[in-house]
Visitor: 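This is the structure I have questions about; it appears just below.
Quick note: numbers below take in every heavy atom, side chains included, and nothing from hydrogens, waters or symmetry partners. Note that ligands are numbered from 1 as they come in the structure, with each ligand's atoms numbered from 1 the same way.
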Amino acid sequence: MKFQAPKGVSEYFPPRSRAFEWVRESLIAPARLAGYQLLELPVFEDTELFTRGVGASTDVVSKEMYTFQDRGGRSITLRPEGTVGALRAVIEHGLDRKSLPVKIFYSGAFFRAERPQAGRYRQFYSVGIEAVGSDDPALDAEVIAIADNGFKSLGLKQYHLEITSLGDLASRAAHRIDLVKYIAGLKLDEATQARAEINPLRLFDDKREEIRAFMAKAPLLLDYLSQESQENFAAVQRYLTHMGIDFQINPRMVRGLDYYTGTTFEFVHDLLGAQSGIGGGGRYDGLMKEIGGQDITGIGFGLGVDRALLAVEAEGLLKGDEFTSDLFLIPLGEDAKSRALLLAAEVRKFGHSVEIAFGDRALKGAMKSADKSGAAYVVVLGDAEIASATVELKQMSTGSTSSVTLTSLPQALSLALAK
Ligand code: HAM
């Protein structure tokens with residue numbers, strides 16, 4: 001029997017898993033610096049949380065959830081996204097009874113039974129933040145800036161930011177009346193009709209040519225914004241400009257989740273083809289209340305770690321030697337091996353990564369392993385080196401060597417690596 005991973009999941013194994021880790025950490029780091037704290041969440045929740053929170057008109061809820069009965073007969077769903085689970089936890093643990101906004105981040109695997117293709121997986125990885133309990137437009141701008149900082153810290157350049165406002169609940173109600181009237185002129189199949197009844201905005205996202213052509217002339221929500229929503233959206237744009245963050249307004253943006261109101265945004269990478277959304281998010285005015293909490297608003301984002309890694313690779317930002325060890329230590333003989341264990345520990349105290357050649361191999365074989373590992377420096381530790389308490393620190397890329405005493409090896413390596 002030969003086992004394989006389930007269809008359409010993303011897996012990361014060495015050496016690429018190092019790049020994946022780096023991408024994930026880099027995307028979270030700006031949130032930590034802005035005072036967001038970890039929320040570690042279960043990967044499964046009550047199915048109803050997602051149906052209510054994410055919305056029944058969405059593909060995510062209607063077609064893509066991994067739902068099953070657990071042993072107690074409860075309907076359970078593997079989380080397709082992070083926001084509603086995060087808010088469930090905020091409400092359950094009363095985090096919103098303390099100072100607002102509550103600022104949390106999370107990171108992990110999410111599950112959507114989509115048709116797998118490059119950049120679209122059934123289990124994918126995302127990092128996200130949520131700021132709950134403030135409607136300050138400066139917060140919207142900061143949330144967007146945090147995501148942008150993450151992408152910039154990876155070195156990404158070939159992406160752009162699209163923003164829109166989906167208005168407050170009053171603006172949406174006004175727009176909905178006209179949109180529903182407009183859509184009545186279109187002959188729709190039953191399933192599309194049902195989706196449109198729950199959320200007519202969904203039709204802006206329909207890929208079928210005749211619907212696209214029809215929707216090209218449909219009334220746009222952006223033209224229905226209440227005075228307050230307009231002012232809010234203008235303020236967000238002002239703050240973004242003030243921070244030097246470029247954006248385009250996309251009045252036809254439709255997010256795949258139903259809870260959005262007000263500022264809504266997407267980061268789109270220019271080299272990723274069909275699955276080009278590397279991150280997205282927005283405000284959600286009614287969501288906390290919808291799932292049983294206080295009637296307070298919030299805003300957040302989710303960034304695709306898999307897609308951000310693909311973007312980094314597409315832009316050619318990795319040379320391949322970023323994540324290799326600093327030092328490869330080759331002990332020759334039993335005495336050298338015990339010393340190598342301690343020496344490695346000393347060097348690691350300086351924050352440098354050290355690998356040891358295990359298995360009592362001859363020098364030639366061990367050197368080959370050092371080469372393959374891609375380590376920056378190599379040190380051979382044999383009887384002569386032990387006797388003189390001195391080793392040759394060899395730079396692998398150039399072959400150049402320098403003599404250093406055993407006790408000064410950590411500092412010598414620090415200096416060499418800093419050059
Ligand atoms: P989302 O746009 O559905 O938003 O997902 C966030 C990111 O996850 C996407 O931009 C994309 O990069 C990545 N992603 C989504 N589906 C897949 C997939 N099948 N395979 C690979 N990557 C994928 C949310 O989930 C919201 N919870 C974000 C949010 C937080 N809004 C407010 N707060």
Visitor: Could you list which atoms of ligand 1 come closer than 4.0 Å to a heavy atom of Arg120?
Guide: 19 (N), 20 (N)
Visitor: Quick one: nearest non-hydrogen protein atom to atom 27 (N) of ligand 1, plus distance?
Guide: Glu81 OE1, 2.6 Å
Visitor: If you have a sec, work out which protein heavy atom is nearest atom 32 (C) of ligand 1 and how many Å separate them, to one decimal?
Guide: Gly300 O, 3.3 Å
Visitor: For atom 20 (N) of ligand 1, grab the closest protein heavy atom and report residue, atom and distance to one decimal in Å.
Guide: Tyr121 N, 2.9 Å
Visitor: Which one holds for Arg122 and ligand 1: side chain close, backbone close, both close, or neither close, with close meaning a heavy atom under 4.0 Å?
Guide: neither
Visitor: May I ask you to identify the nearest protein heavy atom to atom 13 (C) of ligand 1, giving residue, atom name and distance to one decimal place in Å?
Guide: Gly304 CA, 3.7 Å
Visitor: For ligand 1, which atoms have a heavy atom of Gly281 less than 4.0 angstrom away?
Guide: 31 (N)
Visitor: For the residue pair Arg252 and Phe204, would you count it as a cation-pi contact if the rule is NZ or CZ under 6.0 angstrom from the ring centre and within 45 degrees of the ring axis?
Guide: no
Visitor: State if Gly282 counts as touching ligand 1 under the rule of any non-hydrogen atom under 4.0 Å.
Guide: yes
Visitor: If you take the nearest heavy atom of each of Pro80, Gly279, Ala311, which one is closest to atom 10 (O) of ligand 1?
Guide: Gly279
Visitor: Where is the tightest heavy-atom contact between Leu221 and Leu166, given as atom of each residue plus distance?
Guide: CD2-O, 3.3 Å
Visitor: Counting only heavy atoms, which portion of Phe301 has something under 4.0 Å from ligand 1: side chain, backbone, both, or neither?
Guide: backbone
Visitor: Find all atoms of ligand 1 within a distance of less than 4.0 Å from any non-hydrogen atom belonging to Tyr260, and give their numbers and elements.
Guide: 26 (C), 28 (C), 29 (C), 31 (N), 32 (C)
Visitor: Which heavy atom in Ile183 sits nearest to a heavy atom in Pro200, and how many Å separate them?
Guide: CD1-CB, 3.7 Å
Visitor: Centre-to-centre under 6.0 Å for Phe105 and Tyr36, is that the case here?
Guide: no
Visitor: Is there a nitrogen or oxygen of Asp306 sitting under 3.5 Å from a nitrogen or oxygen of ligand 1?
Guide: no
Visitor: Is the Phe214-Tyr182 ring centre distance short of 6.0 angstrom?
Guide: yes
Visitor: Tell me the protein heavy atom at minimum distance from atom 28 (C) of ligand 1, and give that distance in Å.
Guide: Gly302 N, 3.3 Å
Visitor: If we set the cut-off at 4.0 Å for heavy atoms, which region of Glu130 has an atom near ligand 1: side chain, backbone, both, or neither?
Guide: side chain
Visitor: Could a heavy atom of Gly256 be found less than 4.0 Å from some atom of ligand 1?
Guide: no
Visitor: For ligand 1, indicate whether the residue Tyr259 contacts it via side chain, backbone, both or neither (heavy-atom separation under 4.0 Å).
Guide: side chain
Visitor: Out of Arg112, Arg307, Arg79, Gln123, indicate the one that has the non-hydrogen atom closest to atom 22 (N) of ligand 1.
Guide: Arg307
Visitor: Look at atom 24 (C) of ligand 1 and say which protein heavy atom is nearest, naming residue and atom and giving the distance to 0.1 Å.
Guide: Leu257 CD1, 3.4 Å
Visitor: Should Gly277 be counted as touching ligand 1, given the test is an N or O pair under 3.5 Å?
Guide: yes
Visitor: Have a look at ligand 1 and work out which part of Glu114, if any, has a heavy atom under 4.0 Å from it: side chain, backbone, both or neither.
Guide: side chain
Visitor: Thr83 heavy atoms, cut-off 4.0 Å: which ligand 1 atoms fall inside?
Guide: 26 (C), 27 (N), 29 (C), 30 (C), 31 (N), 32 (C), 33 (N)
Visitor: Please say whether Tyr284 places an N or O atom under 3.5 Å from an N or O atom belonging to ligand 1.
Guide: no
Visitor: May I ask you to identify the nearest protein heavy atom to atom 4 (O) of ligand 1, giving residue, atom name and distance to one decimal place in Å?
Guide: Arg255 NH2, 3.0 Å
Visitor: Counting non-hydrogen protein atoms only, what is the nearest one to atom 14 (N) of ligand 1? Give residue, atom name and distance.
Guide: Phe124 CE1, 3.5 Å
